[in-house]
*Asks:* 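Before anything else, here's the structure in question.
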Amino acid sequence: MTDQYVYSSSGRYDLDGEENAMYLSKTVTGNETEMVPHYGAWTDYSTYTFSNIQVDNLLDLTDPNLRNLIGVDFDMLTKVTTNKDEMYEFTNVIASWARKKGYNGIIAPGAQGAKDYENVILFEQSYIDKVLSGKIAQPITK
């Protein structure tokens, strides 16, 4: 997480003027799929896994019934274009709404590669600190 006044990535669920969100993947392959197209070789990064993490109050955008209820489909959430405003048109609105409603984060379909993985996006550093308190990060062997 970074200070939003110093770094603001303006991602799918990461908004200008808000505390930057922390993006996690539910699987190692999902994490690799997210990292490699944007940040270089997978082996260039130290990556870790945590076990027995409990999070709550997440808006689950992987649920097709919820997507139907709020009027978005899978393709709207995973759109990939060269225009960030177009690509994040729906996801930024959803993230802003979720933050205002007090959600701790979002579970979202991955948008890179085969789009067959899920990400967890957590909004607040204080919540992340609480969730990870006493947990030990285990390095992922590559």
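All values below were derived from every heavy atom in this structure, side-chain atoms included, with hydrogens, water molecules and symmetry-related copies excluded.
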*Asks:* Spell out, as yes or no, whether a donor-acceptor pair under 3.5 Å connects the side chain of T78 to the backbone of A111.
*Replies:* no
*Asks:* Name the orientation class of the two ring planes belonging to Y103 and W97 (parallel below 30°, tilted from 30 to 60°, perpendicular beyond 60°).
*Replies:*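 Plane angle between 30° and 60°, so tilted.
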*Asks:* What's the shortest heavy-atom distance between S25 and G30, and which atoms?
*Replies:* OG-C, 3.1 Å
*Asks:* Classify the side-chain pair D56/Y127 by whether it contains a donor and acceptor separated by less than 3.5 Å.
*Replies:* yes
*Asks:* For the NZ atom on K130, are there more than 12 heavy atoms of other groups (residues, nucleotides or ligands in this structure) within a distance under 6.0 Å?
*Replies:* no
*Asks:* Any chance you could measure I107, atom CD1, to L58, atom CG, to the nearest 0.5 Å?
*Replies:*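 Atom-to-atom, I107:CD1 and L58:CG are 5.0 Å apart.
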*Asks:* I would like to know whether Y45 and M35 meet side chain to side chain contact (heavy atoms under 4.5 Å, CB included); could you show each step before the answer?
*Replies:* CA-CA 9 Å; Y45 295 92; M35 297 280 297; 3.8 Å; yes
*Asks:* Measuring from atom CD1 of I70 to atom CG of L61, what distance do you get when rounded to the nearest 0.5 angstrom?
*Replies:* 5.5 Å
*Asks:* Among the clusters formed by ILVMFWY side chains lying less than 4.5 Å apart, do I140 and Y39 turn up in the same one?
*Replies:* yes
*Asks:* Is it the case that one hydrophobic cluster holds both F74 and L66, taking links as side-chain heavy atoms less than 4.5 Å apart, direct or via other members?
*Replies:*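 Per the 4.5 Å side-chain linkage, F74 and L66 are not co-clustered.
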*Asks:* Using 0.5 Å steps for rounding, measure from the OG1 atom of T62 to the CD1 atom of I106.
*Replies:*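 Spacing of OG1 (T62) from CD1 (I106) equals 11.5 Å.
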*Asks:* Count I, L, V, M, F, W, Y as connected when their side-chain heavy atoms are under 4.5 Å apart, and connections chain through other members. Are Y23 and L59 then in the same cluster?
*Replies:* yes
*Asks:* If you measure from the Lys or Arg side-chain nitrogens to the Asp or Glu carboxylate oxygens, is any gap between K142 and E32 under 4.0 Å?
*Replies:*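 Between E32 and K142 there is no salt bridge, as every charged N stays at least 4.0 Å from the carboxylate O atoms.
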*Asks:* Before giving the answer on side chain to side chain contact (heavy atoms under 4.5 Å, CB included), spell out for L77 and R67 the whole-Å C-alpha distance, their side-chain angles and the decisive distance to 0.1 Å.
*Replies:* CA-CA 9 Å; L77 299 175; R67 290 195 307 259; 3.4 Å; yes
*Asks:* If you take all heavy atoms of D14 and A21, which pair is closest and at what distance?
*Replies:* OD1-N, 2.6 Å
*Asks:* How close do N57 and G102 get, heavy atom to heavy atom, and via which atoms?
*Replies:*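 For N57 versus G102, the nearest heavy atoms are ND2-O, 2.8 Å.
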*Asks:* Going from NZ on K135 to CD1 on I53, what distance comes out if it is rounded to the nearest 0.5 angstrom?
*Replies:*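 Here the rounded value is 5.0 Å.
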*Asks:* Quick check: do N119 and L24 have side-chain heavy atoms less than 4.5 Å from each other?
*Replies:* no
*Asks:* Does one hydrophobic cluster hold both V131 and F50, with members joined at side-chain heavy-atom distances below 4.5 Å?
*Replies:* yes
*Asks:* Quick one: pull up CZ in F123 and CG in N20 and give me the separation to the nearest 0.5 Å.
*Replies:*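 Those atoms lie 12.0 Å apart.
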*Asks:* Side chain to side chain contact (heavy atoms under 4.5 Å, CB included) for L122 and Y13? Distances and angles first, verdict last.
*Replies:* CA-CA 9 Å; L122 300 176; Y13 303 98; over 6 Å; no
*Asks:* Among side-chain atoms of N104 and E124, is any donor-acceptor pair under 3.5 angstrom?
*Replies:*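 Looking only at side-chain atoms, E124 and N104 do not form any donor-acceptor pair under 3.5 Å.
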*Asks:* Checking side-chain polar atoms at under 3.5 Å, does N83 have a donor or acceptor matched by the opposite partner on T81?
*Replies:* no
*Asks:* Would a hydrophobic clustering, with Ile, Leu, Val, Met, Phe, Trp and Tyr connected at side-chain separations under 4.5 Å, put V80 with Y88?
*Replies:*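 Yes, one cluster joins them.
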*Asks:* Quick one: CD on E34 to OG1 on T29, what's the gap to the nearest 0.5 Å?
*Replies:*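 These two atoms lie 11.0 Å from each other.
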*Asks:* Please confirm whether the backbone N or O of R12 pairs with a side-chain atom of N92, one donor and one acceptor, at under 3.5 Å?
*Replies:* yes
